[in-house]
Amino acid sequence: MSDLLSRIPDAPPLHVQVTRILKERIVSGAWISGSSIPAEKELCEEFGVARGTMRQALQTLESEGFLHRQQGRGTFVMYTPNQPPSRQLAFVVPYVRDSSLPAILIGFQQVAEQANFSVIFNHVNNSIEQQERVLRKLVGDGTAGIALYPVDSETQPEIEALVRARYPLVLIDRYLRGTSTDYVMSDHFGGALRGTHYLLAQGHRRVGFVSWLSPAVSMEHRYLAYAQALLERGIPVDAALVCRVEGYPLIDLSPLCDYLSSPGRPTAVFAANDQIAIALYRAAVIVGLAIPKDLSILGFDNLDMSDHLDPPLTTLAQPFVAIGQEAAKILIRRVKGDGGALEQISLPPELVIRNSCIRPEPDS
């Protein structure tokens, strides 16, 4: 049973509670003017009420001028607020711990300001619950549209509600499983495929892969590309060469040290991002491996610090500023009423060759 409604004896009638909640969605902008609302059956399931109760609520909203029913087409929001349209966009991220997110934000803000929109920034401490609270508050505050770098790739009820209401929303870096939205990200698969082939072309055969324990689709794409590159070279994927570590709030070095000191350790590792590559540098020092003499490391991101490591990190550079720019362009078009086909953009990363990868020793 839905927990949206109070069912204690002294609570208002269910249809009154439903009317109030739906009206809040309309007034807040979660359901924007001109958009169709979810089907009556979906609303009944969401609120856990009978169809008669839902119809009573919808009829009340129609009589008050918030909704309009069109025979054979559905029910549409007709509410137009008295205040001028918001010129504020939101940029929501899971955390800030390196140079990637500031670069995306710079690109996003450049385009937004050129179009006379302001940008507010929120981070959610890598918490799904905090992400949902922030989204609700932003919509309730009348924010015109949201660029969201999701905590993970699992669909959440709050995001589903925004998508159903056609609220202006664009995702960054990853998409959500089971939910279609606008998004802008790097070509994670294509970049990782190129990077893994680079290591293989140097003569490495024991090429490892290190990622987070709970990866988003961005990380999954990089792993699939790693496996594909091995397959194309006739090399089977060895589970012993794949390592996954905890990544938030700190990276656990213990499994990396075990991984690098195992008898069949890799001679080269594709790190799924530069943060992991940096952790591998630290673990290599602990177990007594020299980079790149004993171990080649390839990253993915090209963070500001990557060029300052010893040795400088070979990595795949994500076009962070361009990602932010494209996301802002899409979001502004949606805010201005563009209801066209979804825009799902993948931008190619660039292989940046430095000094962390060399050919393996002949007996490796």
Side-chain angles (χ1 to χ4, degrees), residues 97-98 188 191-216 218-231 233-303 305-316 351-364:
R97 63 179 179 185
D98 56 48
H188 303 293
L193 188 69
R194 182 181 180 189
T196 308
H197 272 302
Y198 173 75
L199 295 174
L200 294 169
Q202 289 188 317
H204 293 281
R205 288 297 174 266
R206 293 199 305 279
V207 177
F209 179 84
V210 182
S211 181
W212 299 138
L213 273 174
S214 301
S218 50
M219 295 289 184
E220 291 176 1
H221 286 193
R222 295 173 201 179
Y223 171 75
L224 291 172
Y226 158 79
Q228 177 65 26
L230 294 179
L231 178 65
R233 297 288 182 123
I235 302 173
V237 176
D238 183 348
L241 295 178
V242 177
C243 179
R244 291 184 169 86
V245 297
E246 181 58 59
Y248 188 87
L250 298 172
I251 300 176
D252 184 1
L253 293 183
S254 299
L256 292 180
C257 291
D258 293 341
Y259 174 69
L260 294 182
S261 57
S262 62
R265 69 167 182 85
T267 62
V269 177
F270 174 31
N273 62 34
D274 284 5
Q275 289 282 354
I276 294 171
I278 293 167
L280 283 164
Y281 272 55
R282 295 166 59 199
V285 171
I286 293 172
V287 302
L289 297 178
I291 301 169
K293 180 177 180 295
D294 302 319
L295 179 70
S296 291
I297 297 179
L298 174 76
F300 198 115
D301 276 339
N302 197 33
L303 301 179
M305 68 183 77
S306 301
D307 191 28
H308 302 287
L309 298 175
D310 183 19
L313 178 67
T314 294
T315 188
L316 288 139
L351 179 62
V352 179
I353 298 174
R354 297 192 180 109
N355 305 119
S356 64
C357 301
I358 61 172
R359 295 187 65 84
E361 295 291 333
D363 58 347
S364 297

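Remember, predicted model here, so these are calculated numbers, not experimental data. Index from 1, following the sequence.
A271 and A277 make their closest contact through CB-N, 3.6 Å (heavy atoms, listed as atom of the first residue, atom of the second, distance). For the pair I297 and S356, the tightest heavy-atom approach, listed with the atom from each and the gap, is O-OG, 2.6 Å. Heavy-atom minimum distance, P236 versus L230: O-CD1, 4.4 Å. Listed here is the closest heavy atom pair of L200 and H204: CD2-O, 3.4 Å. Smallest separation of non-hydrogen atoms from L193 and A229: CD1-N, 3.7 Å. Listed here is the closest heavy atom pair of L241 and G264: CD2-O, 3.5 Å.
Between the CG atom in L316 and the CD1 atom in I353 there is a gap of 9.5 Å [rounded to 0.5 Å]. How far CD of Q275 is from CD1 of I251: 5.5 Å, rounded to the nearest 0.5 Å. Note that CG of D252 is 8.0 Å distant from CD of E246, once rounded to the nearest 0.5 Å. Residue D274 holds its CG atom at 8.0 Å from CG of L309, rounded to the nearest 0.5 Å. Annotation: the span from H197 atom NE2 to L351 atom CG amounts to 12.5 Å, rounded to 0.5 Å. If you take CZ on R354 and CG on N302, they are separated by 4.5 Å, rounding to the nearest 0.5 Å.
Side-chain atoms of R359 come within 3.5 Å of backbone atoms of Q202 as a donor-acceptor pair (strictly under, hydrogens ignored). With hydrogens and angles ignored, the 3.5 Å screen pairs a side-chain donor or acceptor of R222 with a backbone N or O of A272. No donor-acceptor distance shorter than 3.5 angstrom exists from the side chain of D301 to the backbone of L303, with no hydrogens or angles considered. With T315 contributing its side chain and F300 its backbone, the two residues share a donor-acceptor pair below 3.5 Å.
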>> Walk me through whether L298 and T196 qualify under side chain to side chain contact (heavy atoms under 4.5 Å, CB included).
In response: CA-CA 8 Å; L298 174 76; T196 308; 5.8 Å; no
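Residues H188 and S218 have side chains that never bring a donor and an acceptor to within less than 3.5 angstrom of each other.
Counting only heavy atoms from C-beta outward, the side chains of S296 and I358 approach each other to under 4.5 Å. Counting only heavy atoms from C-beta outward, the side chains of N273 and M219 approach each other to under 4.5 Å. With contacts defined as side-chain heavy-atom distances shorter than 4.5 Å, the pair L256/L253 qualifies. Between V210 and L280, the closest side-chain pair of non-hydrogen atoms falls below 4.5 Å. Here the side chains of Y223 and V237 are in contact, with some heavy-atom distance below 4.5 Å. Between L289 and R265, some side-chain heavy-atom pair lies under the 4.5 Å cut-off. A 4.5 Å side-chain heavy-atom check between N355 and P292 finds every atom pair outside the cut-off. Two residues are said to be in side-chain contact when any heavy atoms from C-beta on lie closer than 4.5 Å; V207 and I235 fail this criterion.
Residue pairs meeting the ring pair (Phe, Tyr, Trp, His ring centres under 6.0 Å) criterion with at least one member in residues 258-283, sequence neighbours excluded: F209-F270.
Of the residues listed (T314, L313, V352), the one engaging S306 in a side-chain contact (heavy atoms from CB on, under 4.5 Å) is L313, and it is the only one.
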